[in-house]
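Take a look at the structure set out below.
Note that the structure is predicted; figures quoted are calculated from it, not measured. Just so we're on the same page: letters track the sequence lines, and every chain starts at 1.
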Amino acid sequence: MPELAEVEYYRRRWDAGLGSTVARVLLHPRARVFNATDTVLLARLLTGATLISSEAAAKQMLFRFAADDSAPLWLGIHLGMTGELTVQPADHAPRKSDHLVLAQSDRALVFTDPRMFGRVLFHAGPDAPDWWTSLAPAILSPAFTADAVAAFLQRRARTPIKPVLLMQERFPGIGNWMADEILWRAALHPKRPAGSLTPAEIKTLHRETRHVATHALRIIGSSGAPTLPDPPATWLFPHRWADGGTCPKTGAPLIREEIGGRTTCWSPARQPL
DNA sequence: TCCTATGTTGTATG
DNA sequence: ACATACAACATAGG
C-alpha cells in the first residue's frame, strides 16, 4: 500500500513508542527483509535503547535510537508493496509476517510485511547513514523545480510519462496510484512520451505533482485514524480499481491497461493521446 | 486454477 | 556510459 503519504501515516503509528526503551527485540533473521542487515548487531544494540525520533522521506522511514553505551542508532524501514507498521500489546506474539517486533514496557512496535518486498536497515554511528542522506530532494522541497522536471523528462524522452513518474531519483515517494492521480489531474495521457510534453504541460505536471503530494500528506499522512484513510471521491483513487468505474470529473468510463509493467488507470475523455 | 497486487533491482539489449 | 524494457522476487486474496 505504501507511497509517500501512507509511509508518513505508518511512521506516525510508532509515535506511541517515543521516549520509551526497547525491552526486547524479536525478529525472523532469515526473512528477506533483513538481506542487507546484521540482525545480530541490530538486536543487541537496540535492546535497551530508547526511541528518540522518527522521520519519513520518499518511501523510506528513519527511526533514531539512543543508548547509554553506544553511538546513535539508526533504524531504516522501507515498506515495499505490503509492509505496515502497527502498535500491539506489550506481550505480542509475532505472527508469520511480523518480521520485527520492538517490545517496550507498555506496547510492541511491529513491522509486518507478508510479501517481503520491504527492507529493514540498521546503522550505528554519529552520522545518518548513506541510504538516508542520499535520497533525492523531496517533491515539496525548493529543489523540486519545474526546470529540474523538464531536464529529467528530456533525458527519458522516449519513455512513456507514466513509468517516468515512478522513478524515485526524481519523483521520490511517488508510486502507482499517485502517478495516475497526477496524470489525471494534469490531463495527460500516461503513454505520452516524456519528451513530447510542451513547456506548459511540464509546468502543469510539476504543479499537480506538488498538489497531489501536499493533499495526500494532509488527508492520509497527517491522519491519526486507526485505519488508513482513503482520498475522497473527488479524486481518481476511489474509482480506479472497480470495473465500470467512471471519471469523477467527466463521468466518462475509465480505462485500465498495463503501461511500463504497472496497471494504469486513466480517463480517455480527459486525457487524450 | 488463474489472476491480480500502492515496489525495487538486476540483467539484457540497443 | 546511458537509456530502455522486463523478469524476478514472495505471498495472499478474489
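- When rounded to the nearest whole Å, the span between CG of A/N35 and P of B/dT8 equals 16 Å.
- Residue A/L135 contributes atom CG, which lies 15 Å from atom C1' of B/dG7 at whole-angstrom precision.
- Residues A/R12 and A/D15 are not paired through a salt bridge, judged by the lack of any N-O separation under 4.0 Å between the basic side chain and the carboxylate.
- The distance between atom CH2 of A/W131 and atom P of B/dG7, rounded to the nearest whole Å, is 20 Å.
- In this structure, the aromatic ring of A/F117 is positioned over the six-membered ring of the base of C/dC9, centres within 5.5 Å and planes within 30°.
- For A/P114, whose side chain is taken as the heavy atoms from C-beta onward, the closest listed nucleotide among C/dA12, B/dG7, C/dT4 is C/dA12.
- Among the heavy atoms of the strands lying under 4.0 Å from A/R155 are primed sugar atoms or P, OP1, OP2 only; no base atom is included.
- In this structure, A/R115 atom CZ and B/dC3 atom C1' are separated by 12 Å, rounded to whole Å.
- Considering only the side chain of A/H78, B/dT8 comes nearest among B/dA5, C/dT4, B/dT8.
- Nucleic acid contact for A/G80: sugar-phosphate only, since backbone atoms but no base atoms lie under 4.0 Å from a heavy atom of the residue.
- Between A/R256 atom CZ and B/dT4 atom P there is a gap of 10 Å when expressed in whole angstrom units.
- The A/T159 side chain lies nearest to C/dT4 when the options are B/dA5, B/dT8, C/dT4.
- Note on A/R32: a base of the nucleic acid sits closer than 4.0 angstrom, heavy atoms only.
- C/dA12 sits 23 Å from B/dT9 when the C1' atoms are compared, rounded to a whole Å.
- A 3.5 Å limit on both hydrogen-bonding distances identifies no Watson-Crick or G-U partner for C/dA10.
- Atom CE of A/M116 and atom P of B/dT9 are 17 Å apart (whole Å).
- Aromatic ring pairs are classed by plane angle as parallel below 30°, tilted from 30° to 60° and perpendicular above 60°; the pair A/H123 and A/W74 is tilted.
- When each of C/dA5, B/dA5, B/dT8 is scored by its nearest atom to the side-chain atoms of A/P160, the top-ranked nucleotide is C/dA5.
- Between A/R156 and A/E169 a salt bridge is recorded (basic side-chain N to carboxylate O distance below 4.0 Å).
- Base pairing analysis places B/dG14 opposite C/dC2; the two distances defining the Watson-Crick or G-U wobble pair are each below 3.5 Å.
- The side chain of A/Q168 places no N or O atom within less than 4.0 Å of a non-bridging phosphate oxygen (OP1 or OP2) of B/dG7.
- Aromatic pair A/H206/A/F144: ring centres closer than 6.0 Å.
- Judged by distance alone, the side chains of A/T86 and A/Q88 do bring a donor and an acceptor atom under 3.5 Å apart.
- Out of B/dT4, C/dT11, C/dT4, the shortest distance to the side chain of A/K96 is found at C/dT11.
- B/dT8 and C/dG13 are spaced 23 Å apart, taking the C1' atom of each and rounding to whole Å.
- Within the nucleic acid shown, A/M81 comes within 4.0 Å of at least one base atom, counting heavy atoms only.
- Judged by distance alone, with hydrogens and angles left aside, the side-chain atoms of A/Q271 form no donor-acceptor pair with the main-chain N or O of A/A187 at under 3.5 Å.
- Note: CE (A/M178) to C1' (B/dA5) measures 18 Å, nearest angstrom.
- The CD1 atom of A/I259 sits 15 Å away from the P atom of B/dT4 (whole-angstrom rounding).
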